[in-house]
Protein chains: 2
Amino acid sequence: MKQRNDTRSRRQRSLTREQIIDASIRLLDEGGEGGLTFQALSKLLATGPGAIYWHVADKSDLVTAACDEIIARTMEAKPAGASPQETIRALALDLFDAIDAHPWVGAALMSAPGQLPMVRIFERIGQQVRSLGVSAEHEWSAVSALLNYILGVAGQNAANAKLAAVQGLERASFLGEVSAAWSALDPESYPFTRSVAAQLPAHDDRKDYLDGIDLLLRGIVASS
Amino acid sequence: MKQRNDTRSRRQRSLTREQIIDASIRLLDEGGEGGLTFQALSKLLATGPGAIYWHVADKSDLVTAACDEIIARTMEAKPAGASPQETIRALALDLFDAIDAHPWVGAALMSAPGQLPMVRIFERIGQQVRSLGVSAEHEWSAVSALLNYILGVAGQNAANAKLAAVQGLERASFLGEVSAAWSALDPESYPFTRSVAAQLPAHDDRKDYLDGIDLLLRGIVASS
DNA sequence: ACCTGAACACCGTTCAAGT
DNA sequence: ACCTGAACACCGTTCAAGT
């Protein structure tokens, strides 16, 4: 009985890397980048920090793994677009939504260049660019332009969300404050920024985002 | 005499925001994002942490201010390009070099959306895009595409430098390791990434970067 | 007005000791 | 093989007390 109990409880209780990553995602979603703590994680998993270190190398490893989990899920759903352009658009939108739902993923992606999560995205975009018939010469810059645009916009959106949260504001009133600050800039030095300040709060993020993707696609096919 | 001495030493010794920012830049350049510490800063300035808090709100304020100092310097040099395209290219290259020299600026920019350093870049790019004759409808996505591409590439470069430093590797051998890892990926799932893995270590960063800028510019003028 | 420096709460990580 | 939990070194920030 002792043994049977031992085995059962071992199986039920024993920590897995997956459990740790899932719990980490929950904490990151709730509290942002600062929400993931070995203390909070230990409490959530009813264990000690040492136990976690048996399964992960360090915090950076943990965040990258959590990020990869989100990206892998997002990239699994393979939208079968009518054209490569359509597929890239769908892909970009999926990523936008994923990072919108998990803002910490933006920063995590940025700090893990060449690692698995980035490679997943790189691969999907690369395949579509290739089937677009882009020449080998322009392939790299086409993929790089799309990748960086997607990450950049998503990252900015995430940072906006975080800043708004820190200041305890709604997204709308946060953009309103930024817009007001832009309108107050020196007209001599900042004519362009002032002239678009009023548009800022009314912007449709998703539409602007897709406009940028389309602009990139035009530039890519123009380079044949 | 007492008074005169007092005044003199006050003037010489008294902490200014500029001194704090300059010292912060030095620490960030030397030790990356983790190199800036109120402890290290206090020691460098021969004072206590409380004195620093009299001049800056918190660490985030300090990093943003340090970032703005770098960006302001970079944006001051106004390259008078022959065409808007040339000016944008020169601008992009200046930013690339600045972030290459101060890798922490990449992350700092990303986490300060709508703040002064970003606005400086936004304005310069916006003015050039406007003089390119882009329609009001496409203006925002054109500027946003350029801005995000520039920040994305620069940020990735910075992250590469940081990762290489952490692993104690030269840049070249770090890219070699990434290339090797990419070559070892599953051929079924990662055909694209595998096919470009060999090119990775030989890439000319600056050339690829400018290729991307040109691609964007083509897409922008194509949208007239 | 500006600085001092001890103190606080909290963090990632380690490690001897257990099972 | 896997977990416990105390301990370590360090961090950003505060604040009563000084000048």
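In what follows, every chain begins at residue 1, and chains take the letters A, B, ... in the order their sequences are listed. Values below: all heavy atoms of this structure, side chains included; hydrogens, waters and symmetry mates excluded. Keep in mind it's a predicted model, so treat the numbers as computed, not measured.
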Compute the ring centroids of A/Trp140 and B/Tyr209, then answer whether they are less than 6.0 Å apart.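 No, the ring of A/Trp140 stays outside the 6.0 Å limit from the ring of B/Tyr209, centre to centre.
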So which nucleotide from [options] ends up closest to the side chain of [X]?
X: B/Thr47; options: D/dC11, C/dC3, D/dA1; value: C/dC3
X: A/Trp54; options: D/dT13, C/dT13, D/dA1; value: D/dA1
X: A/Phe38; options: D/dC3, C/dG12, D/dG12; value: C/dG12
X: A/Lys59; options: C/dT13, D/dG12, C/dG5; value: C/dT13
X: A/Tyr53; options: C/dT14, D/dG12, C/dA1; value: C/dT14

[N] [atom2] sits how many Å from [X] [atom1], rounded?
X: B/Arg17; N: C/dC2; atom1: CZ; atom2: P; value: 14 Å
X: A/Asp58; N: D/dA9; atom1: CG; atom2: P; value: 20 Å
X: A/Leu27; N: C/dC10; atom1: CG; atom2: C1'; value: 16 Å
X: A/Glu33; N: C/dC11; atom1: CD; atom2: P; value: 15 Å
X: B/Lys43; N: C/dG5; atom1: NZ; atom2: P; value: 15 Å
X: A/His55; N: C/dT13; atom1: NE2; atom2: P; value: 16 Å

When A/Ala51 and A/Gln39 are each assigned the nearest nucleotide of DNA chain C, the 5'-most assignment goes to A/Gln39
Just call it for B/Ile52: base, sugar-phosphate, or nothing, with non-hydrogen atoms closer than 4.0 Å on any strand.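 The residue B/Ile52 makes no contact with any strand.
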Looking at every strand, decide which applies to B/Leu45 at a 4.0 Å heavy-atom threshold: base, sugar-phosphate, or nothing. nothing
Students often mix this up, so state it plainly: with edges at 30° and 60°, are the rings of A/Phe38 and A/Tyr53 parallel, tilted or perpendicular? parallel
Does C/dC15 pair with anything, Watson-Crick or G-U wobble, both distances under 3.5 Å, and if so, with which nucleotide? D/dG5
